[in-house]
Asks: 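Below you will find the structure I want to go over with you.
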Number of protein chains: 2
Amino acid sequence: MARTKDENTEEQILEAAKNVFQTKGMDGARMQEIADNAGINKAMLHYYYRNKQLLFEAVFKSAFSLLAPQLNKILNDDSSIEDKIRNFTTNYISFIMKHPYLPNFIIQELNRNPDFIITIQKNNTLLNIEKFKAQVDLEVSQGNLKPTKGDQLFINILSLNIFPFVAKPLIKAFTKEDDKGFERLIEQRKTEVSEFIINSIKQH
Amino acid sequence: MARTKDENTEEQILEAAKNVFQTKGMDGARMQEIADNAGINKAMLHYYYRNKQLLFEAVFKSAFSLLAPQLNKILNDDSSIEDKIRNFTTNYISFIMKHPYLPNFIIQELNRNPDFIITIQKNNTLLNIEKFKAQVDLEVSQGNLKPTKGDQLFINILSLNIFPFVAKPLIKAFTKEDDKGFERLIEQRKTEVSEFIINSIKQH
DNA sequence: ATCTTTGTTAACCAAATGGTTAAACTATAC
DNA sequence: GTATAGTTTAACCATTTGGTTAACAAAGAT
């Protein structure tokens, strides 16, 4: 085997592909740019991943499997709904601040090819909302929460946490903030969002 | 002048371009497909719009100027914050149900080229949030609302209203709904979202 | 009638792009 | 050392794609 300096061309390719695909999308990405970015010959991309589609799928799956555990945190642990919302909000926002292209990439490509998520869902059941819904129903019946549907509550949680990252250019425009100011807004949301949600659903 | 049957080739092109660009994005769209879609020769696209970039910008601006008035509704009328939220939520959701590709298209392309919104903002000041913020401050000081920042509240309103459309494939997956079920969920949100927001911020 | 302007088309072109190939190189097995 | 199997590269290829051109058609203007 010929393994010169870096020991793992395959991972270098995946890393470069991740950068290019996540910023430019499937259609905007160029195989040559990925090769340059990885510092290797373009033919290597095909040697390791056959073609653009398969390389893209490798990147997409790796991105999705990085995000899914974060979502499952809120769905499947045993703390109260209230604690879950607090934990999820701070953790998720911190997580995305480290991977800023992730939400937009996934959403964009899921819209481009909606069948993709069907395959993923079939293989691993990456998102199971049943337990969360049951817990909401229980806490509603116990009088801890106002009448609330689990589906809609989860949509609200996702919306409030994810959307600001996806709509960053729009938000920067109307708040007239620069990148630093935007980050400050997001930082505030780590606590504000959970209070906003809890205020709304808590029975008092 | 040569005007045969339809009287307005230019608008046919724009309509076809809208369909193709909004579903496939700038990079995924093909000039030939737009031409076919409009039922005309590809050269006509260049005759009327010079090149792909300019045709795209025409579509983008027309899409944005369709959306902006909807946003300004909430920002600049004289009703109470509470009424504004209710009106905005029902109106906005109804509006997007008629233009389902709009939010995703705008967000996707704004992320691809963030400078775009700077140009738009400079030309027309499409989004002015100042009045809304002042009104929030006032109602907070009057004791109608809990301590709330206008910026963050507006981000929350946008998030809860727009995100579900943008993340449709994801939401369909974890709620296990088909298109019909998804529409039912959205329909519920016309009232649920505003109650959710108002519950959270109203002083009581 | 014919000249001019505007609109429309088919054919064409150069560049970009995903993908292939055949040869060369490297490390290990024998 | 030499065979062998995996790795890497430069050059190449076919197709796609945005864009151009030159000829043609239709409708006023004169």
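By convention in this document, chain letters (A, B, ...) are assigned in the order of the sequence lines, proteins followed by strands, and residues within each chain are numbered from 1. The analysis underlying the following values was restricted to heavy atoms, covering all of them including side chains, and did not include hydrogens, waters or symmetry mates.
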Asks: In this structure, how many angstroms lie between the P atom of C:dC25 and the OH atom of A:Tyr47, rounded?
Replies: 17 Å
Asks: Give the rounded distance in Å between these two atoms: CD of A:Gln32 and P of C:dA15.
Replies: 17 Å
Asks: Tell me, yes or no, whether the heavy-atom count around B:Lys146 atom NZ, taken from other residues, nucleotides or ligands under 6.0 Å, exceeds 12.
Replies: yes
Asks: Between A:Ile13 (CD1) and D:dT7 (P), how many Å, whole number?
Replies: 11 Å
Asks: Picking from D:dT8, D:dT20, C:dT9, which would you name as closest to the side chain of B:Asn41?
Replies: C:dT9
Asks: More than 12 non-hydrogen atoms from neighbouring residues, nucleotides or ligands closer than 6.0 Å to NZ on B:Lys133, yes or no?
Replies: yes
Asks: Hey, is B:Glu183 close enough to B:Lys180 for a salt bridge, meaning N to O under 4.0 Å?
Replies: no
Asks: Reading DNA chain C from 5' onward, which residue's closest nucleotide shows up sooner: B:Ala43 or A:Ala29?
Replies: B:Ala43
Asks: On the 0 to 90° scale, with breaks at 30° and 60°, tag the A:Phe95-A:Tyr92 ring pair as parallel, tilted or perpendicular.
Replies: tilted
Asks: B:Ile34 CD1 to D:dG19 P: how many Å, rounded?
Replies: 11 Å
Asks: Think A:Thr9 has a side-chain N or O under 4.0 angstrom from the OP1 or OP2 of D:dT7?
Replies: no
Asks: Could you state the CE-P distance from B:Met31 to D:dT20, rounded to the nearest angstrom?
Replies: 10 Å
Asks: Taking atom types as they are modelled, would you say the side chain of A:Lys52 forms a donor-acceptor pair with the base of C:dG19 within the 3.5 Å cutoff?
Replies: no
Asks: Between B:Asn37 and B:Arg30, is there a side-chain donor-acceptor contact under 3.5 Å, judged purely by atom types and distance?
Replies: no
Asks: The side chain of A:Met44 lies closest to which of these nucleotides: C:dG18, D:dT8, C:dT9?
Replies: D:dT8
Asks: Think A:Tyr48 has a side-chain N or O under 4.0 angstrom from the OP1 or OP2 of D:dT8?
Replies: yes
Asks: Given D:dT9, C:dT20, D:dG18, which nucleotide is nearest the side-chain atoms of A:His46?
Replies: C:dT20
Asks: Mind calculating the distance between CG (A:Asp27) and P (C:dA16) to the nearest angstrom?
Replies: 19 Å
Asks: Without decimals, in angstroms, what is the distance between B:Lys42 NZ and D:dT16 P?
Replies: 13 Å
Asks: Taking only the side-chain heavy atoms of B:Arg30 (C-beta and beyond), determine which of C:dG19, C:dG7, D:dG18 contains the nearest atom.
Replies: D:dG18
Asks: Atom CG of A:Leu45 to atom P of D:dT7: distance rounded to whole Å?
Replies: 15 Å
